[in-house]
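Single-structure report; data block below.
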Protein chains: 2
Amino acid sequence: MTNPGSASRILVIEDDPAIMFGLKDNLEMAGYKVRTAIEGELGVQLARDERPDLIILDIMLPGLNGFEICRELREDGFDMPIVMLTALGQEADVVRGLNLGADDYLTKPFSINVLLARVRNFLRRYRQAELEIVSFGSMELNRTSKELLRDGRVIELTPKEFGLLDYLLQNCGRALTRDQILNAVWGSDLVVTQRSVDRCVTSLRSKIEEKPNQPKLLKTVQKIGYRFDDEERSR
Amino acid sequence: MTNPGSASRILVIEDDPAIMFGLKDNLEMAGYKVRTAIEGELGVQLARDERPDLIILDIMLPGLNGFEICRELREDGFDMPIVMLTALGQEADVVRGLNLGADDYLTKPFSINVLLARVRNFLRRYRQAELEIVSFGSMELNRTSKELLRDGRVIELTPKEFGLLDYLLQNCGRALTRDQILNAVWGSDLVVTQRSVDRCVTSLRSKIEEKPNQPKLLKTVQKIGYRFDDEERSR
DNA sequence: CCATTTGGTCACATCTCGGGTACAAGAATG
DNA sequence: CATTCTTGTACCCGAGATGTGACCAAATGG
């Protein structure tokens, strides 16, 4: 349970003491309550017992590794945001982690400010996840009328484009794998290529981006998938 | 049934007596008629029998919980606004509630003024559903005489066409699924094809649209259903 | 009992979406 | 810098969704 008015609680699972203490100090300085674990078993236990609001999780750990932790928690119905920490060049792992239910990832070494921004973003996310009208930039997506407006003008979207944009907005600031997008927007049953996501992204960009080949909103995350960024909101 | 001109009726389903009475008093002071239920079964019953204009619904309830109430009512075609009340830290639940058809939510403890503002807002949007005469473009629909006039001239509508137009006007600007339309206009018991909706839409268009194949009012929303747009009034 | 109207279904005509393919462009890797 | 993998994008076309005319059954009224 979260106490009204109290600081958000964050669990850091990381075995490298330098990184672990660095995170702890910075997060505490930013006003969060921090618990730490230096290996997997204890991490899972703390997550279960204390139900933190967010978890920062290293992939390479002694004992249970990050994937296993992630999967276990999700299987047990825990749905707090999980941000994974990964060494450079482990993109394949990142895809795996995201598909197992992680929400985002950071590649070491990372800027502490980027981390803090992501954390802030996640802790705020549930509140705006499913409102009737979501605005970003000069546009607003109306889930009731199924319309997208820019400066009050209708931008025609096909059903798939609308569904994709809707899903991306619900997960603003998160890196999403193509699998995640397919499951959410196409439905897990349907069998289509991952390239269909790319195609839909392209056509959506051509309608919402000023310069579709230099997207400001719907960014490509190489080897992973896509991320919707809203500069107004994410800072 | 709703009496034109009378105060809007609000149903409060909430088991905590302190909150329940607080809501009741405040809403009555603001001029609404209030019914209350302290558990789910009774709440659903009252909603069915009295068809309030708006429901304020706690999620945690003895008996049927808020989600179940919400789903049941929506499945039966009730479409009054539902505002959910949720304890802090249940934001994940909120998403679920909104998916089940709730329209808005408030996190306890909430300011009574915020609540009143939301309620007023919802009721304003739905009020025109109760008007005797609704006008759009150069036409007006008279619910008492069951006539549609354009520039003072009668346009002959069949009963089904009238019912459809009436329902669409009550939900002006909202994309409606064929199922919603069937439930509301045909009645949930009757078994007819979804295509009947299409057919009725076509014949209605031929009577109210300038160019029936390029509709300005009664728009198709691909893969969903239809939406009535009134450009004068909306935005 | 017949005439009329309503509205539901069917069948067919359109139209739209979006998947696949193919190739271009770009990014990573060594 | 060359190679290889990833992503962007134009194009075509089939499947499915929607529009629409025709027909018919049921209801209604005289």
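By convention in this document, chain letters (A, B, ...) are assigned in the order of the sequence lines, proteins followed by strands, and residues within each chain are numbered from 1. These figures come from a predicted structure and were not determined experimentally.
No engagement by A/Ser203 is indicated, since no non-hydrogen atom pair under 4.0 Å with the nucleic acid exists. Using a 4.0 Å heavy-atom cutoff across all strands shown, A/Tyr226 reaches sugar-phosphate atoms only and no base atom.
Rounded to whole Å, atom C1' of C/dG8 lies 14 Å from atom CD of B/Gln194. If you measure from atom NZ of B/Lys219 to atom C1' of D/dG19, you get 17 Å, rounded to the nearest angstrom. Distance NZ (A/Lys160) to P (C/dG20): 12 Å, rounded to an integer number of Å.
Between B/Lys219 and A/Glu147, none of the side-chain N atoms (NZ, or NE/NH1/NH2) sits under 4.0 Å from a carboxylate O, so this pair counts as no salt bridge. With respect to the salt-bridge test (charged N to carboxylate O, under 4.0 angstrom), the residues B/Glu72 and B/Arg48 qualify. Ion pairing between a basic and an acidic side chain is recognised when a charged N comes within 4.0 Å of a carboxylate O; B/Lys146 and B/Asp166 show no such pairing. Between A/Arg74 and A/Asp103 there is a salt bridge, since a side-chain N of the basic residue sits under 4.0 Å from a carboxylate O of the acidic one.
Residues B/Asp179 and B/Gln194 have side chains that bring a donor and an acceptor to within less than 3.5 angstrom of each other. Looking at A/Arg205 and A/Thr220, their side chains do bring a donor and an acceptor atom within 3.5 Å of each other.
Considering only side-chain atoms of B/Ser196, the nucleotide from D/dG8, C/dG8, C/dG20 that sits closest is C/dG8. Of the candidates C/dG19, C/dG8, D/dT7, the closest approach to any side-chain atom of A/Trp186 belongs to C/dG19. Each of D/dG19, C/dA28, C/dC17 was ranked by its minimum atom distance to the side chain of B/Thr220; first place goes to D/dG19.
Inter-axis angle, ends of the helix from C/dC1-D/dG30 to C/dG30-D/dC1, five pairs per end, rounded to 10 degrees: 30°.
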For nucleotides 9-12 of chain D, give me every protein contact, N/O to N/O, under 3.5 Å, one pair per line with atom names.
{"from": "D/dT9", "atom 1": "O4", "to": "A/Arg195", "atom 2": "NH2", "distance (Å)": "3.2"}

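Checked against side-chain hydrogen bond (donor to acceptor under 3.5 Å, both in side chains), A/Asn99 has the following partners two or more places apart in sequence or in another chain: A/Thr177.
Across B/Asp49, B/Ile55, B/Leu46, a single residue satisfies side chain to side chain contact (heavy atoms under 4.5 Å, CB included) together with B/Arg35, and that is B/Leu46.
If A/Gln222 and A/Val197 are placed on DNA chain C by their nearest nucleotide, the residue sitting closer to the 5' end is A/Val197.
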